[in-house]
Amino acid sequence: MHNNLTDAIGNGSKSAFIKKRIFKHYIINGNSTITNLAKDLDLSVPTVTKQVEEMCAAGYIQTFGKLETNGGRHPLLYGLCADCGYFVGIDVKQFTISMGVIDMKGDMIEQALDVKYKFDNSPEGLEEICEKISQFIDSLTVDRKKIMNINVNLSGRVNTEQGYSYTYFNFSDRPLSELLQKRLGYPVSVDNDTRAMTYGEFVCGAARHERNVLFINVSWGLGLGIIIDGKLYTGKSGFAGEFGHIPAFDNEVLCHCGKKGCLETEASGRAFYRKLVQRLQNGETSCLLDYKNGDISSLELDDIMDAIAKEDVLSIDIVEEIGENLGKNIAGLINIFNPELVVIGGIMAAAGDYLLQPVRSAIRKHSLNLVNQDTRITLSELADSAGLMGSCMLSRAHMFDN
């Protein structure tokens with residue numbers, strides 16, 4: 001399904017290319033004058049004026065009054081029409097799917113959070129995801145003809161540029177994005193979940209206004225998102241950020257990737273759960289034994305975070321150990337990237353200072369002082385909504401970056 005806006009920026013002409021750049025300018029900078037726009041795009045004022053006038057006539061841009069200046073003429077401010085296009089974001093997790101739609105300005109319009117779903121890496125599981133997405137789109141009150149893109153977050157290795165997911169739903173020689181587009185009837189992009197969370201924090205969370213950022217996703221697994229000079233770094237094939245699979249320990253613990261000793265085996269939700277079970281079996285006590293009639297096999301990370309919030313001593317002891325392991329290896333990343341900000345996110349970030357303080361302590365101990373002085377360490381601002389917000393924002397970004 002295409003709309004006039006898709007055609008306006010996607011026909012390959014010089015005019016379409018300039019219009020795409022104008023959209024990107026207003027998305028990043030908000031309202032501005034034609035003079036500032038021309039300066040930012042390094043184009044002449046007449047050229048930009050012609051394009052802006054065409055976009056105003058088409059209903060993509062509108063005026064927002066005059067800019068107050070000291071004397072002289074007051075130039076007009078131009079900006080995006082919020083309702084000229086919509087972008088859908090889908091955040092697929094192990095047991096739930098969250099879905100949202102933003103307008104052209106990036107404001108969340110409608111969402112469906114934590115829709116129950118059992119992740120199944122099969123054609124049937126993929127079809128269930130498609131059904132959930134279709135039901136959500138059918139329920140929207142916005143003009144569905146103006147939906148420009150749908151972005152789907154998945155964990156594992158995802159090549160966004162080519163549209164392939166190599167970890168999940170890799171059943172065909174055709175890109176997953178192409179299969180989803182045919183099934184859903186809209187342009188579709190796919191992206192890695194940690195990268196989406198990183199982008200969400202960068203656009204509207206803890207990393208706003210920063211240029212060089214590392215985002216650590218500590219959930220069942222362990223992922224890394226990288227922002228370099230204000231842009232997501234993906235690597236050659238889109239696989240950059242496999243932080244959890246650094247061979248950091250000689251522990252003989254088999255990682256789900258098939259190798260032993262990965263960082264993820266000692267610093268992740270899976271590591272937490274394994275350590276918890278071992279210590280409970282060794283006779284230690286925890287309030288978690290009261291959950292679900294003592295059936296610790298059915299515990300979820302949210303249950304463990306609840307126990308930490310209730311000051312469960314065993315859970316706090318384990319999360320501090322994980323924080324120390326994590327911080328030691330983040331110190332290495334800081335030595336390499338010299339970022340101004342490291343954001344700790346994912347489910348385990350709900351442990352707050354119980355996780356953050358040992359991370360900070362280990363970073364101070366193991367990184368170069370002159371380097372880590374430049375780096376702030378903080379928790380995610382978006383928390384549980386980082387993945388969904390990031391997916392929506394990437395849905396928009398993919399339209400104008402291609």
Side-chain angles (χ1 to χ4, degrees), residues 28-29 192 194-219 221-235 239-249 262-269 271-272 305 308 316-383 386-387 389-390 393:
I28 295 170
N29 300 288
N192 170 266
T194 298
R195 195 152 53 228
M197 295 167 75
T198 305
Y199 195 69
E201 292 288 343
F202 177 67
V203 174
C204 50
R208 289 186 304 274
H209 314 303
E210 306 292 358
R211 301 290 294 174
N212 299 282
V213 180
L214 301 178
F215 178 89
I216 314 296
N217 177 17
V218 196
S219 296
L222 180 62
L224 168 67
I226 306 166
I227 301 280
I228 296 178
D229 196 23
K231 296 180 181 179
L232 274 173
Y233 179 76
T234 62
F239 306 151
E242 290 293 347
F243 182 44
H245 300 294
I246 292 174
F249 296 93
C262 291
L263 174 59
E264 191 171 296
T265 65
E266 297 291 345
S268 66
F272 193 116
M305 294 303 103
I308 291 172
I316 290 172
D317 190 47
I318 297 174
V319 82
E320 288 178 344
E321 179 185 346
I322 286 175
E324 184 177 351
N325 291 332
L326 189 58
K328 182 177 181 180
N329 286 273
I330 292 175
L333 295 178
I334 290 174
N335 287 343
I336 294 170
F337 288 101
N338 188 206
E340 59 251 42
L341 181 67
V342 174
V343 181
I344 309 294
I347 299 173
M348 288 194 62
D353 281 346
Y354 291 120
L355 177 67
L356 191 60
Q357 292 307 323
V359 166
R360 285 174 169 164
S361 177
I363 287 173
R364 286 194 298 269
K365 182 177 179 181
H366 295 286
S367 63
L368 296 171
N369 288 338
L370 194 60
V371 179
N372 71 39
Q373 287 175 5
D374 295 333
T375 304
R376 291 188 298 115
I377 317 295
T378 189
L379 294 172
S380 163
E381 282 186 13
L382 298 180
M389 286 300 301
M393 295 299 174

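Closest non-hydrogen pair, Cys204 versus Met389, comes out as SG-CE, 3.6 Å. Across every non-hydrogen atom of Leu333 and Leu214, the tightest pair is CB-CD1, 3.8 Å. Here the closest non-hydrogen pair linking Ile322 and Ser268 is CD1-O, 3.7 Å. Counting all heavy atoms, side chain and backbone alike, Thr234 lies closest to Arg195 at CG2-CD, 3.7 Å. The shortest heavy-atom contact between Gly205 and Glu381 is C-OE1, 3.5 Å. In plain terms, the two heavy atoms of Val319 and Leu355 that are nearest each other are O-CD1, 4.0 Å.
The number of heavy-atom neighbours closer than 6.0 Å to CZ of Phe249, taken from other residues, nucleotides and ligands shown, is above 12. Taking a 6.0 Å sphere around CD of Glu324, one finds it holds 12 or fewer heavy atoms contributed by other residues, nucleotides or ligands.
Between Thr378 and Val342, every side-chain heavy-atom pair lies at or beyond the 4.5 Å cut-off. Looking at Val343 and Ile216, their side chains never come closer than 4.5 Å, going by heavy atoms from C-beta outward. Side-chain contact between Met305 and Ile347: present, with at least one pair of heavy atoms (C-beta onward) separated by less than 4.5 Å. The side-chain heavy atoms of Ile344 and Val218, taken from C-beta on, include a pair separated by under 4.5 Å. Counting heavy atoms from C-beta on, the side chains of Met348 and Ser219 never come closer than 4.5 Å. The side-chain heavy atoms of Val213 and Ile228, taken from C-beta on, include no pair separated by under 4.5 Å.
Between the OG atom in Ser380 and the CG atom in Asn217 there is a gap of 9.5 Å [rounded to 0.5 Å]. Considering OG of Ser361 and NZ of Lys328, their distance stands at 12.5 Å, rounded to 0.5 Å. Here Thr375 contributes atom OG1 and Arg360 contributes atom CZ; the two are 12.0 Å apart, rounded to the nearest 0.5 Å. Rounded to the nearest 0.5 angstrom, Thr265 OG1 and His245 NE2 are separated by 10.0 Å. Expressed to the nearest 0.5 Å, how far CD of Glu266 lies from CG of Leu326 amounts to 12.0 Å. Annotation: the span from Met197 atom CE to Asn192 atom CG amounts to 10.0 Å, rounded to 0.5 Å.
Classification of Glu210 and Arg376 as a salt-bridged pair holds, one side-chain N sitting under 4.0 Å from a carboxylate O.
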Is there a side chain to side chain contact (heavy atoms under 4.5 Å, CB included) between Phe243 and Ile330 once you walk through the steps? CA-CA 9 Å; Phe243 182 44; Ile330 292 175; 4.1 Å; yes
Walk me through it: do Thr198 and Leu224 pass the test side chain to side chain contact (heavy atoms under 4.5 Å, CB included)? CA-CA 8 Å; Thr198 305; Leu224 168 67; over 6 Å; no
Before you tell me yes or no, could you show the steps for Leu232 and Tyr199 under side chain to side chain contact (heavy atoms under 4.5 Å, CB included), namely the whole-Å CA-CA distance, both residues' side-chain angles and the distance that decides it to 0.1 Å? CA-CA 7 Å; Leu232 274 173; Tyr199 195 69; 3.8 Å; yes
Show your working on side chain to side chain contact (heavy atoms under 4.5 Å, CB included) between Asn212 and Asn338 and close with a plain yes or no. CA-CA 8 Å; Asn212 299 282; Asn338 188 206; over 6 Å; no
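Every residue two or more places apart in sequence or in another chain was checked for a salt bridge (Lys or Arg N to Asp or Glu O under 4.0 Å) with Glu320, and none qualifies.
At distances below 3.5 Å, at least one donor-acceptor pair connects side-chain atoms of Glu264 with backbone N or O atoms of Leu222.
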For residues 363-373, which side-chain N or O atoms pair as donor and acceptor with protein atoms under 3.5 Å away, sequence neighbours left out?
unit_1 : atom_1 : unit_2 : atom_2 : d
Ser367 : OG     : Ile363 : O      : 2.6
Ser367 : OG     : Asn372 : ND2    : 2.7

